[in-house]
Structure formats: C-alpha cells, structure tokens
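Single-structure report; data block below.
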Amino acid sequence: MSFLGKVLDYAERLPEGIERTRDQLIGIIHPDRRHDNPEERLDDEIRAQINASHRFDSFADQRSENAIKWHIDGHDYMYALSEMLDSAKECIFILDWWLTPELYLRRPPADHPEWRLDRLLQRKAQQGVRIYVIVYKEVTQTMSMNSKHTKAALEALHPNIACMRHPDHIGTKDAVEFWSHHEKLVVVDNHRGCVGGLDICFGRWDTHNHPLADVHPTDWSRTLFPGQDYNNARVLDFQKVDNYVSNAVSIMETPRMPWHDVHMTMCGSVCLDLAQHFIERWNEVKRRKYRDDDRFDWLALPHNVAISPNEAVIRHPHREKWHRMGRRFKQRFHLEEDEVVDPPYTPPPHGSCRVQAVRSVSDWSNGVLTEHSIQNAYIQLINEANHFIYIENQFFISNTREEGPVKNQIARAIVERIIDAARDGRKFKVIVVIPELPGFAGDIKNDKALRIIMAAQYRTINRGGHSIYEEIRKAGFEPMDYIRFYHLRAYDRINAPQKSLISQMEENSGVSFYEAQIALARQWEGPRYNGGDAPKEVFLKVPQPAQEGIVSDQQIKMKVEKVPLPASYDAAVDIIRRFEGGSDDIRGDEDVSDSVAQHRMLDRTRLSDEIWYGSEAEERDAYVSELLYIHSKVMIVDDRRVIMGSANLNDRSQKGDGDSEIALVVEDGDMVRSTMNGQPYMAARFATTLRRKLFREHLGLIEPQNVLHSKENVTSFMRCAPEPNDDEIGTREDNAVADPLADSTLELWNRTARVNREIFTEVFRPVPTNLVRSWPAYDSYVPKVKTGHVVPEIQLQRIKERLSHVRGSVVECPLDFLIDDKEFVEGIDWLGLNPTLPIYI
C-alpha cells in the first residue's frame with residue numbers, strides 16, 4: 001500500500017478508533033452501569049436473596065442423589081469425556097479457559113484417529129446435536145492459547161457448532177484487562193457433566209506414570225504426545241498453537257513437563273445448576289457481543305418449575321424472558337407423573353452424593369454482583385474440620401489477616417483451626433501439595449512473574465511477618481507438627497542414543513530425526529493444509545549445554561533447527577516410514593524401554609533390569625528429571641467432604657471479581673468403615689477413596705499405567721458417571737494409607753518425601769532447594785547441563801542405583817529456599833506500590 005493509501009486508510013478508521021476509546025472510557029467511569037436503574041437493582045436484590053438462602057451464599061442449593069466420580073490425571077478423565085460427548089443426543093455445553101480442537105482424547109493417536117476432539121464434535125453435530133462453546137479470549141500479547149483459532153476451527157466443522165470468545169480487552173465498554181474465564185466445565189444433555197481442573201487442551205493428557213520421554217525411534221506409531229502436545233512450559237511456552245507442528249521442543253533432548261490433575265464426571269440434578277451457570281454466561285456474552293447475530297441462540301434455563309416449584313431458579317430475574325426467547329433443551333430430573341426417560345438416560349435417583357455448586361463470578365464475567373461462594377466454602381469447610389485437611393492446588397497464595405495486598409482469608413482459617421486444635425490438645429494435620437515452581441518459562445532470579453508468585457507463596461507459608469508458620473509460632477506451637485508442604489517430581493530415560501543409533505538411522509534413511517518428528521506431527525494434523533498458504537518449514541528449539549555460569553531456563557543456549565514441513569499427509573507418512581527403515585541394517589530396539597517412569601510405581605521389573613544398546617555415556621545422558629506440575633484444585637476434609645473445581649488458591653480465583661470459576665462441594669452418603677488416628681471412623685466413600693488413591697499415586701503404591709500399542713485396557717476409572725469406580729478399599733496398598741492420622745501413614749509419607757528429595761538433589765540438583773538460602777548460593781548451585789539432565793560428576797551406576805529407590809513422586813518442600821534474602825519477600829511489591837501485583841496473586 002502506498003503512503004497516501006495508508007493515510008487514507010487511517011483516516012477512514014479514525015472514527016472507529018475514537019468510538020472505541022469513548023466506549024472504553026464509559027466502562028472505566030461507569031463500572032456499575034448495569035446495576036444502577038431500579039429494574040437492575042431489583043434483579044440484584046432478588047439474586048442476593050436467592051444466594052442468602054443457600055449455604056456458602058451460593059447461587060445454587062444442595063442437591064441430593066447425584067452420582068459423582070473422580071478421575072485422576074488426563075488419561076482417565078479424557079477417556080471418560082470422550083465417552084460422555086459421544087453419548088450426546090441433544091446438546092453439549094463447553095466452557096473452557098483453553099480448548100484445542102486437535103487434541104486426542106484417547107491414545108496413542110495412531111490407534112484412535114477418530115477420537116480427536118474436533119472429529120468427535122463434528123460427528124455429533126452431523127447427528128443433530130447442538131454444541132455451544134465459550135472460550136476465554138486471551139490477551140494476545142502475553143498468552144498463547146489462540147482462541148481465535150479455536151473459534152474458527154470449531155465453527156468450520158458444522159453449522160450446529162457455535163463458539164464465543166470473551167472478554168474483549170480494549171476498545172469496548174466491557175474491556176477486561178487482567179481476568180480470565182477459568183472454568184473447565186462440560187454439560188451434556190442437561191444430564192451429565194464434568195467439573196474440575198483439566199482444560200481440554202494441549203499439555204494436559206497424562207498417565208499415572210507421568211512419563212517425561214516419548215521417543216520411539218523404530219516405531220513412531222507408539223507416540224503418545226505428538227506435535228505441540230509434547231511440551232515443557234518451564235522451558236518453552238506454547239506458541240502458534242494454530243499450527244500443530246510449529247515451535248516444538250526437541251523430544252531427543254528436552255523432557256516434557258508432566259501434568260497431574262483431578263476432575264469429576266457426574267450424573268444427577270446438580271447438572272441443572274451447571275447448565276444454569278453456562279446459560280447465564282452464554283446469554284450475557286450474547287447480549288454484549290452477539291445480540292444481533294443469529295448464529296448464536298438465546299438459551300432458556302432447563303428447569304421444570306411447574307413440577308418443582310421449590311426450585312430457587314423460579315425467582316431468577318431472567319427465567320421467564322429467556323424461556324420466551326431462548327432455545328430450551330430437555331431435563332430429566334423433575335418429571336411428569338407418566339413421563340418416560342429415554343435410554344441411555346435413567347430417571348433419578350442416580351447416586352448417593354449430596355452436591356452443591358459454588359462459583360466465583362462478578363459483573364465482568366456474568367453480569368451479576370460479585371459472588372465468592374468458593375472462598376466461602378473453603379473457609380467454612382476448614383473451620384468445620386475435625387481431624388485432617390488435604391489440599392492439592394496449582395497455587396497457594398492467601399493471607400492470615402485483612403491488611404496487605406492479598407485479600408482472601410483461607411490461610412487465616414487454616415491458622416485459626418490449627419491453633420484451636422493445638423489448644424485443645426487434639427491431633428490435627430494439614431497436608432498441602434503444590435508445584436515446585438510456577439509452570440512458566442523463565443528463571444526465578446530474572447523473571448518477574450515467577451519471582452512474585454514464589455514470594456507470595458512463601459509469604460503465605462513461612463515468612464514475611466504474618467505467614468501461617470509465623471502466626472502459629474506466635475501462638476506458642478510448632479507449625480511443623482500440624483501443617484507441612486510438599487511437591488511432586490519425576491524422572492525418566494529418553495530412548496535416543498545419538499551416535500550408536502539415531503545418527504546411523506539418519507544416514508541410512510536420508511531423513512533427519514527432526515524431520516521425522518515434524519512429519520509425525522504433520523501426519524496427526526491430517527490433510528488440513530491444502531494450498532499455497534501451507535507453511536514450507538518449521539523451527540525446533542534444541543537446548544545446548546551451557547559453557548559458563550548458571551543454567552537457567554532464560555539462559556540456556558537454544559539452537560534453532562529449521563525443518564522442512566512435508567507437503568502432504570502422504571509425504572509425512574513416507575518420511576516416517578523411511579526413517580524407521582533406517583534401523584533395518586543396524587539393530588532393532590524392541591527390548592529397549594521408551595520410558596522407565598513406571599519404576600516409580602509398583603512395577604514388576606526393576607530399573608537395573610532395563611536394557612540399553614547404546615554406549616554408557618549415551619545412557620547417562622538419557623536420564624532426565626522434571627517437576628511434576630500440579631494443576632489440581634481440590635481440598636479433602638476429614639475423608640468426608642470434598643471441594644473440587646477450577647479455582648486456584650489465590651486472589652485471582654477466590655475473590656469473585658477476578659477470574660471466573662466453578663466448583664462442587666461433594667458429600668457422599670455412602671459411608672465406609674475406616675479409622676481416624678487409630679479409632680473406628682465412618683468415612684465418605686467419594687472423599688476417602690479419592691484421598692487414598694492420590695496418596696497411593698504420590699507414594700508409588702499403584703500399578704503402572706502403561707499405554708500399550710493397540711492393547712487398551714479400559715478400566716472403571718476411565719468410564720464416565722454414573723459407572724462407579726472399582727472398589728479398592730481393603731487392598732494392602734490401600735490399607736497402608738487408609739488412616740490419614742495414623743503415625744504409620746504419616747511416617748510413610750514423610751519418609752518417602754524426604755528420601756525422594758535427597759535422591760533428586762544428588763542426581764539432578766533441581767531448584768528450589770534448602771541448599772540455596774541466598775542469591776549468591778543460587779548462582780553457584782545449579783549445574784551447567786541442559787535442562788533436567790544429570791549433574792556432571794555422577795556416574796551411570798550411581799544414577800541407576802539412586803533412582804531405583806525413588807518411590808512415587810512426592811518430595812519435601814524446601815522451606816528455607818532463599819530464606820536469608822529478606823528482599824525476596826519484603827520488597828516494594830508488598831507495600832502496595834505495585835499496581836500490577838493483582839495479576840500474579
């Protein structure tokens with residue numbers, strides 16, 4: 001375009017820019033504009049009365065006779081999700097922070113091409129199912145999810161699929177700068193649903209083994225994590241996610257970051273509340289952004305208030321209006337006298353769980369005054385705890401007092417409950433499991449976001465003047481007797497002996513390893529690229545050994561490998577075939593394990609038995625470690641009550657006017673005989689079986705979850721509700737963790753965490769660590785090796801001997817990390833002088 005043309009184009013767009021600026025100013029000056037006229041105030045008053053009539057001041061009441069089941073890790077949950085989506089007859093609602101259309105819900109992808117999410121949703125849409133999706137519209141300058149691609153890819157599949165993006169970030173009255181829609185919610189036919197911590201996106205699918213390696217030199221069809229799904233967010237964030245094959249890390253050198261999470265599937269009347277939450281969001285976004293766009297239906301609430309006049313929703317300010325104008329889908333809980341429920345659905349009752357939906361919403365996210373019933377639920381459940389609290393969360397940022405930049409009071413509730421128990425002389429324990437580091441690429445010392453989040457967590461835990469530990473000590477008690485913190489960490493071996501196998505295969509086949517890696521991703525992508533817009537090449541970032549100084553994620557030298565992209569699906573298949581054939585005249589590697597992560601579990605073989613055909617130096621260089629990233633958002637109280645959902649333990653999730661969230665409080669009426677501190681005790685099946693299975697996974701007391709090529713064993717834990725999980729109560733491993741207050745359970749947990757930490761420190765020297773109490777010590781501690789690889793001075797035999805003693809993944813939290821650096825937790829950020837602080841906390 002010529003200079004004059006650019007000037008004219010700018011002039012034409014100037015009024016639009018002025019109008020958008022005006023709209024944004026209106027939004028800033030008049031933030032309560034949707035709550036100031038008499039009608040709006042009456043609507044708000046009605047909602048407030050509804051909430052006040054419910055426990056936790058929630059929009060929803062308690063619901064009985066629900067079937068709720070837990071799923072640990074993405075392998076089990078995503079299989080259940082695929083089963084639930086495939087069962088849809090009328091409608092699917094999806095609300096997600098990030099949704100990847102190209103995600104495989106069953107694996108390996110070679111065995112399950114039809115179970116890629118976009119293909120599954122397209123099949124259902126073609127069968128007449130209407131699919132409604134809301135995804136968070138990210139701040140593109142700082143986030144890489146590419147919701148624009150999600151929307152375009154989904155809506156191109158079929159007219160029955162509609163996808164909204166929200167919120168806008170600039171140039172509108174409703175501009176939102178910091179906050180996100182963070183729910184991970186699915187509702188199918190208003191009858192079954194999913195709530196928890198797992199987004200339907202890259203990086204979340206994982207097994208209980210949590211492998212760090214996925215190299216299969218002679219049989220690439222065994223690949224579990226193709227393309228961008230093989231990721232290590234600590235090394236390189238997702239980028240250009242619309243291109244499945246772009247910007248990948250090298251699977252030969254870089255371990256993936258494993259992902260631990262929990263989710264629920266459910267069948268029962270609580271799905272009406274989940275549907276209400278979705279419909280309120282859908283209609284609010286339509287009103288603001290898509291009011292005149294006929295592609296987006298208005299939706300009506302599904303409740304049958306004629307049959308169930310006591311439903312609180314009968315007073316909902318918009319129920320009648322939405323009923324007149326919106327599309328309404330059937331519900332199967334409040335039934336006419338002779339009404340029949342068609343298979344595969346069944347009429348109530350569906351299970352034994354009493355469930356209540358709680359949420360964090362406000363005007364920006366739902367068009368309502370702020371509701372923080374999730375925080376209310378956390379605090380009340382903690383206050384009412386009698387014996388034991390178990391928490392897994394992605395973050396742990398809270399406050400023990402009202403003063404200070406952090407506002408949520410969950411830490412205060414924990415302190416008060418512990419002090420009460422201590423004064424009464426009662427045995428009371430709190431176990432908290434959080435990630436070693438936030439899951440962002442960067443170096444703690446130089447990356448502001450990492451440093452602030454870690455400082456905020458240590459200020460919550462044990463320093464800064466008013467932390468949990470400090471407040472308990474002020475009351476005269478030793479905090480370690482009552483509350484302890486832990487992380488998870490894993491190890492593996494990458495099957496990629498460069499000199500003895502890979503380089504010879506490259507020479508024999510005429511195909512480089514990286515060309516095969518990219519070709520595999522291109523194969524799983526399928527024939528999407530057809531035409532001149534197809535990229536001709538992609539780039540891989542390969543870590544190089546450091547030559548001097550500390551090796552941090554920001555300072556690792558990355559070699560960029562330019563790799564041609566296969567022109568077609570068939571070309572990609574041919575490249576992989578040729579590379580695999582490069583081993584024909586060398587050797588096979590069928591006896592070599594592509595992952596050894598299973599040895600942390602109850603495997604029938606030993607790490608010392610593992611075969612390796614390469615050199616000793618190659619095997620030594622193949623061992624890697626990485627933090628096991630905890631993304632769960634769950635609290636279990638007294639083995640009777642559970643709160644689980646999308647909400648992190650920080651202000652963003654808990655205040656209500658930040659990120660939007662959804663969670664469930666679950667109390668199972670199916671009670672089982674157990675013990676608590678050695679005394680007979682009735683525990684709730686849902687809570688105690690979840691807590692025991694989590695303990696067993698972290699302690700390595702479960703069978704390995706090996707995903708075998710073409711030999712899938714579908715267990716009850718992979719089936720969606722109402723199919724119950726198998727009963728594992730009474731097994732030897734279950735008995736070892738059945739009593740959370742037993743000295744034997746606590747000793748097993750603490751000993752395992754201590755030994756695992758000692759081993760990982762010796763072999764890999766990860767940070768954080770108690771050996772680093774200041775920044776100078778930090779600079780000299782970390783080894784000069786590629787990320788996650790073993791320290792230079794240790795021998796292979798010692799590596800294998802030490803790693804063979806790792807059990808599970810639990811490790812102690814290093815409470816003394818940087819403890820001598822007061823500025824780390826007491827700097828200017830914590831004096832209220834940093835206006836961007838709320839973004840991180």
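For the single chain, residues carry numbers from 1 onward in sequence order. Here the structure is a predicted model, which means the values were calculated and not measured.
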As an exercise, state the distance from CG of Asp297 to SG of Cys91, rounded to the nearest 0.5 Å.
11.0 Å

Going by atom types only, do Gln394 and Tyr629 share a side-chain donor-acceptor pair under 3.5 Å?
yes

Donor-acceptor pair, Asn37 side chain versus Glu39 backbone, under 3.5 Å?
yes

Keeping the roles fixed (side chain from Thr370, backbone from Asp657), state whether a donor-acceptor pair exists under 3.5 Å.
no

Are a donor atom and an acceptor atom from the side chains of Asn51 and Asp57 found within less than 3.5 Å of each other?
no

If only side-chain N and O atoms count, and only distance matters, is there a donor-acceptor pair under 3.5 Å linking Gln49 with Arg315?
yes

Go through Val262 and Ser632 one step at a time and tell me if the side-chain contact (heavy atoms from CB on, under 4.5 Å) criterion holds.
CA-CA 5 Å; Val262 290; Ser632 319; 3.8 Å; yes

Between His372 and Lys655 (side chain of the first, backbone of the second, donor and acceptor by atom type, cut-off under 3.5 Å), is there such a pair?
no

Any side-chain heavy-atom pair from Asp659 and Ser180 closer than 4.5 angstrom?
yes

Determine whether the aromatic ring centres of residues Trp115 and Tyr104 are separated by less than 6.0 angstrom.
no

Contact check, side chains of Gln654 and Ile374, non-hydrogen atoms, under 4.5 Å:
yes

Between Ser660 and Glu183, is there a side-chain donor-acceptor contact under 3.5 Å, judged purely by atom types and distance?
yes

Can you find a side-chain donor-acceptor pair between Asp189 and Tyr345 that sits under 3.5 Å?
yes

Which heavy atom of Asp61 sits nearest a heavy atom of Gln356, and at what distance?
O-CG, 3.8 Å

Could you walk me through whether Glu371 and Ser373 pass side chain to side chain donor-acceptor pair (under 3.5 Å), step by step?
CA-CA 6 Å; Glu371 176 184 337; Ser373 52; 2.7 Å; yes

Ignoring hydrogens and geometry, is there a side-chain-to-backbone donor-acceptor pair from Glu90 to Val129 under 3.5 Å?
no

Give me each pair satisfying side-chain hydrogen bond (donor to acceptor under 3.5 Å, both in side chains) with a member in residues 301-313, each pair once, sequence neighbours excluded.
Arg63-Glu311, Glu311-His334

Side-chain donor/acceptor of Lys289 to backbone N/O of Arg287, under 3.5 Å:
no

Chi angles and distances behind the salt bridge (Lys or Arg N to Asp or Glu O under 4.0 Å) call for Asp651, Lys407
CA-CA 6 Å; Asp651 270 5; Lys407 299 304 180 185; over 6 Å; no

Please report whether the ring centroid of Trp364 lies less than 6.0 Å from that of His181.
yes

Spacing of OH belonging to Tyr132 relative to CZ belonging to Phe278, to within rounding of 0.5 Å:
9.0 Å

For Asn160 and Ala125, work out which heavy atoms get closest and say how close.
ND2-O, 3.1 Å

Is the Phe329 ring parallel, tilted or perpendicular to the Phe93 ring (thresholds 30°, 60°)?
perpendicular

Distance only, no hydrogens: is a donor on one side chain within 3.5 Å (strictly under) of an acceptor on the other, for Ser64 and Arg354?
no

Are the side chains of Asp168 and Arg288 in contact, using a 4.5 Å heavy-atom criterion?
no

Contact check, side chains of Gln457 and Ile434, non-hydrogen atoms, under 4.5 Å
yes

Under 3.5 Å donor-acceptor, Asp447 side chain and Leu450 backbone
yes

Heavy atoms only: give me the nearest Leu154-Cys163 pair and the separation to one decimal.
CD1-SG, 4.3 Å

Could I get the full list of side-chain hydrogen bond (donor to acceptor under 3.5 Å, both in side chains) partners for Asn393, not counting sequence neighbours?
none

Parallel under 30°, tilted from 30 to 60°, perpendicular over 60°: which one fits the rings of His191 and Phe333?
parallel

Keeping the roles fixed (side chain from Lys137, backbone from Ser147), state whether a donor-acceptor pair exists under 3.5 Å.
no

Donor-acceptor side-chain pairing of Ser653 and Glu661 below 3.5 angstrom:
yes

Straight-line distance of Met78 CE to Leu81 CG, nearest 0.5 Å
7.5 Å

I would like to know whether Gln127 and His158 meet side chain to side chain donor-acceptor pair (under 3.5 Å); could you show each step before the answer?
CA-CA 11 Å; Gln127 294 168 10; His158 195 276; over 6 Å; no

Are any of the side-chain heavy atoms of Met266 and Val355 separated by less than 4.5 Å?
no

Where do Val186 and Leu85 come nearest, in terms of heavy atoms and distance?
CG1-CD2, 4.1 Å

Pair His35, Asp44: side-chain N/O donor-acceptor within cut-off below 3.5 Å:
yes

Rounded to the nearest 0.5 Å, the CD1 atom of Ile50 sits from the NE2 atom of His316 at a distance of 7.0 Å

Please find the pair of heavy atoms, one from Pro302 and one from Asn190, that lie closest to each other, and give the distance.
CB-ND2, 3.5 Å

Side chains of Leu837 and Ile452 in contact at under 4.5 Å (non-hydrogen atoms)
yes

Can you see whether Asp261 engages His631 through a side-chain donor-acceptor pair at a distance of less than 3.5 angstrom?
yes

Minimal non-hydrogen separation, Val195 against Ala663, with atom names:
CG1-CA, 4.2 Å

Hey, could you give me the CD1/CD distance between Ile630 and Glu392, rounded to the nearest 0.5 Å?
6.5 Å

Would you call the rings of Trp322 and His318 parallel, tilted or perpendicular if under 30° counts as parallel and over 60° as perpendicular?
tilted

Is it true that the side chains of Arg192 and Ser87 contain a donor and an acceptor less than 3.5 Å apart?
yes

Say whether, by atom type as modelled, one donor and one acceptor occur between the side chain of Asp229 and the main chain of Gly203 under 3.5 angstrom.
yes

Could you go step by step and tell me if Glu45 and Arg41 meet the salt bridge (Lys or Arg N to Asp or Glu O under 4.0 Å) rule?
CA-CA 6 Å; Glu45 177 61 28; Arg41 289 178 179 175; over 6 Å; no

Any heavy-atom pair between the side chains of Ile68 and Thr265 that's under 4.5 Å?
no

Per the side-chain contact (heavy atoms from CB on, under 4.5 Å) rule, which among Ile307, Leu272, Leu301 passes with Gln331?
Leu272

Could you check Glu40 against Arg47 for salt bridge (Lys or Arg N to Asp or Glu O under 4.0 Å), going step by step and ending with a plain yes or no?
CA-CA 11 Å; Glu40 292 166 341; Arg47 290 193 191 94; over 6 Å; no

Any side-chain heavy atom of Ile134 within less than 4.5 Å of one from Ile94?
no

Atom CD of Gln126 with >12 non-hydrogen neighbours under 6.0 angstrom:
yes

Does Arg359 form a salt bridge (Lys or Arg N to Asp or Glu O under 4.0 Å) with Glu280? I'd like the steps, not just the answer.
CA-CA 13 Å; Arg359 64 185 184 177; Glu280 287 177 343; 2.8 Å; yes

Atom pair CG/CG of Asn408 and Asn648 - distance to nearest 0.5 Å
11.0 Å

Please determine, by modelled atom types, if Tyr840 and Asn650 share a side-chain donor-acceptor pair under 3.5 angstrom.
no

